[in-house]
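Note sheet for the following structure.
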Amino acid sequence: MTVPTLNNLDVAGRTVLLRADLNVPMRDGRVSDATRIERTLPTIRELASQGARVVVLSHLGRPKGKPSPELSLRPIAEALADALVAPVAFAAEDPAAVVAGLPAGGVALLENLRFDPGEEANDPDFAARLAAFGDFYVNDAFSAAHRAHASTEALARLLPAAAGRLMQREIEALEVALNAPKRPSGAIVGGAKVSTKLSLLGNLVARVDMLAIGGGMANTFLHAQGVEVGRSLCERGLAALARTILDDAEACGCTVVLPKDAVVAPTLEAGASTEVVAIDEVSPDAMILDIGPGSIADLIDRLGLLRSLVWNGPLGAFEVPPFDRGTNEVAQAAADMKGLLTVAGGGDTVAALAQAGVVERFGYVSTAGGAFLEWLEGQILPGVAVLEGRA
């Protein structure tokens, strides 16, 4: 990995500005899911144990450049203190005084960065005001690395900079799974619409040996091949682009796997009457809502031949049983395969894999969302590029 890490910094007695992603779900003024807080704890603890004063930076929501009481990070400071089992000073009113008063190993959290319009504008003056608080900059927010904001891009130019342990893990997992995969390599891409993942599919066919397409996206590819998909979700206007992706895959030696059978129903609702049909026998009034048992078995067999797998998106309408069976069974099989490196993330993927009960058994599951997808698309992420010195 070409990004400097904490190993490159001597932080004892110094102040470290740590960009974390604490943009967590809130309910009734309290944190309802602390996953992102928990994932950055190793970096905070390591810095604090080395005698650094740790000043955490984050955003929450979209306050549009002005203070918004309901988007204050004060409740986040309390949740962070609970998770660390250590005090966290909340630096809202007089951040300079709070930071100056931190002891070695102490932790403070600044107020929501997006309360200042300079954050999203990547304003160098706002970045300079932040830089004045510290001696080093550490970015542990891979999930925000696709945005060139003051705290993710400009600030890294002003102080000695490195990736935190969470950022490091994300980059290493994606590098191994996509840029230097163990062969044969594969990808599973699902979800509703091809239009949201054209760049991703175009990049993957040139990088993996097998690409399995599921969810509503598969219907567009089936339609492009002349298959009747009934009333299923299908972007018929993208048939030509779908055929281009199939042609590109063939030219690259990438095998594209589409469903061979499907679970269909007249409506998408729990308890709907379902039927399993061959993929070329979908009636005009039916909706394809999941891959069928033949497709499940075929895909599991193909996964058994792989050494690395990237997964993005569900294979069916997993939110509504029984249309979660395809996603659940394939995910559970992938998680159980010894010698298969599994990396997943983006959109509904984390929720789908959590429902399948495999998040802890996958090699790495990213909560990064947009940054994960842009990496899969082959885009340069500003927050990573600046650490690498490519910006």
Side-chain angles (χ1 to χ4, degrees), residues 146 174 177-179 181 184-262 264 268 278-282 284 286-292 295 298-299 302 309-318 323 326-327 330 343-349 352 368-381:
H146 60 313
L174 289 170
L178 192 63
N179 293 344
S185 64
I188 293 175
V189 179
K193 294 184 176 182
V194 173
S195 55
T196 63
K197 298 186 179 181
L198 285 172
S199 297
L200 184 155
L201 293 171
N203 190 45
L204 286 178
V205 296
R207 292 178 177 267
V208 300
D209 302 302
M210 183 213 76
L211 172 63
I213 302 175
M217 295 174 55
N219 301 332
T220 300
F221 282 86
L222 292 168
H223 168 71
Q225 295 179 325
V227 176
E228 170 62 58
V229 295
R231 295 192 300 110
S232 310
L233 179 64
C234 178
E235 294 176 284
R236 289 170 169 78
L238 295 181
L241 283 173
R243 286 191 290 270
T244 297
I245 290 171
L246 293 173
D247 290 342
D248 290 346
E250 183 176 3
C252 293
C254 173
T255 300
V256 175
V257 180
L258 293 168
K260 59 188 340 180
D261 61 351
V264 300
L268 174 56
I279 204 64
D280 58 356
E281 295 180 0
V282 177
M287 299 173 65
I288 299 172
L289 297 173
D290 196 9
I291 60 174
S295 300
D298 176 59
L299 187 47
R302 292 175 184 272
L309 174 71
V310 175
W311 187 319
N312 171 251
L315 296 172
F318 78 99
F323 309 118
T327 300
V330 174
V343 176
D348 293 329
T349 311
F372 182 89
L373 290 175
E374 290 193 17
W375 185 287
L376 293 188
E377 291 170 359
Q379 296 190 39
I380 293 175
L381 307 187

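What you see below is based on every heavy atom in this structure, not just the backbone, and it leaves out hydrogens, waters and symmetry mates.
Leu241 is listed as a side-chain neighbour of Leu198, based on a closest heavy-atom distance under 4.5 Å. Side-chain contact between Leu211 and Leu204 is present, with heavy atoms from C-beta onward closer than 4.5 Å. Counting heavy atoms from C-beta outward, Gln379 and His146 have side chains that stay 4.5 Å or more apart. Looking at heavy atoms from C-beta onward, Leu381 lies in side-chain contact with Glu374 at the 4.5 angstrom threshold. The closest side-chain heavy-atom distance from Val256 to Glu250 is not below 4.5 Å. Using a 4.5 Å heavy-atom cutoff, the side chains of Leu222 and Ile279 are in contact. At least one side-chain heavy atom of Leu376 sits under 4.5 Å from a side-chain heavy atom of Asn312. Taking 4.5 Å as the limit, some side-chain heavy atom of Cys254 sits within range of a side-chain heavy atom of Val208.
Scanning all heavy atoms of the two residues, the minimum distance from Val343 to Phe372 falls at CG1-CE1, 4.3 Å. Between Val227 and Asp280 the shortest heavy-atom distance is CG1-CA, 4.4 Å. Minimum interatomic distance between Pro181 and Ala177 (heavy atoms only, all atoms of both residues): CB-O, 3.4 Å. Across every non-hydrogen atom of His223 and Ala239, the tightest pair is CD2-CB, 4.0 Å. Of all heavy-atom pairs between Thr349 and Gly346, the closest is OG1-O, 2.5 Å. Closest of all the heavy-atom pairs between Pro314 and Asp348 is CD-CB, 4.3 Å.
With hydrogens and angles disregarded, no donor-acceptor distance shorter than 3.5 Å links the side chain of Arg231 to the backbone of Met287. Using modelled atom types, one side-chain atom of Lys197 and one backbone atom of Gly190 make a donor-acceptor pair closer than 3.5 Å. Side chain of Glu235 to backbone of Val194: a donor-acceptor contact under 3.5 angstrom is found. Between the Asp209 side chain and the Gly186 main chain, no donor and acceptor come within less than 3.5 Å of each other. Within the 3.5 Å criterion, the main-chain N or O of Gly313 finds a donor-acceptor partner in the side chain of Trp311. With Glu377 contributing its side chain and Asn203 its backbone, the two residues share no donor-acceptor pair below 3.5 Å.
Remark: Thr327 OG1 to Leu315 CG distance equals 4.5 Å, nearest 0.5 Å. Rounded to the nearest 0.5 angstrom, Leu201 CG and Ile245 CD1 are separated by 5.0 Å. With rounding to the nearest 0.5 angstrom, the CG atom of Asp261 is 4.0 Å from the OG atom of Ser295. To the nearest 0.5 angstrom, Phe221 atom CZ is 4.0 Å from Ile213 atom CD1. In this structure, Leu373 CG and Thr196 OG1 are separated by 8.0 Å, a value rounded to the nearest 0.5 Å. Distance check, rounded to the nearest 0.5 Å: CD of Glu228 to CG of Asn219 gives 10.5 Å.
A side chain to side chain contact (heavy atoms under 4.5 Å, CB included) with Val264 holds for exactly one of Leu289, Ile288, Asp290; it is Ile288.
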Chi angles and distances behind the side-chain contact (heavy atoms from CB on, under 4.5 Å) call for Ser185, Leu309: CA-CA 6 Å; Ser185 64; Leu309 174 71; over 6 Å; no

Worked check of side-chain contact (heavy atoms from CB on, under 4.5 Å) between Met217 and Lys193: CA-CA 5 Å; Met217 295 174 55; Lys193 294 184 176 182; 5.6 Å; no

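Salt bridge status for Asp298 with Arg302: present, with a side-chain N to carboxylate O gap under 4.0 Å.
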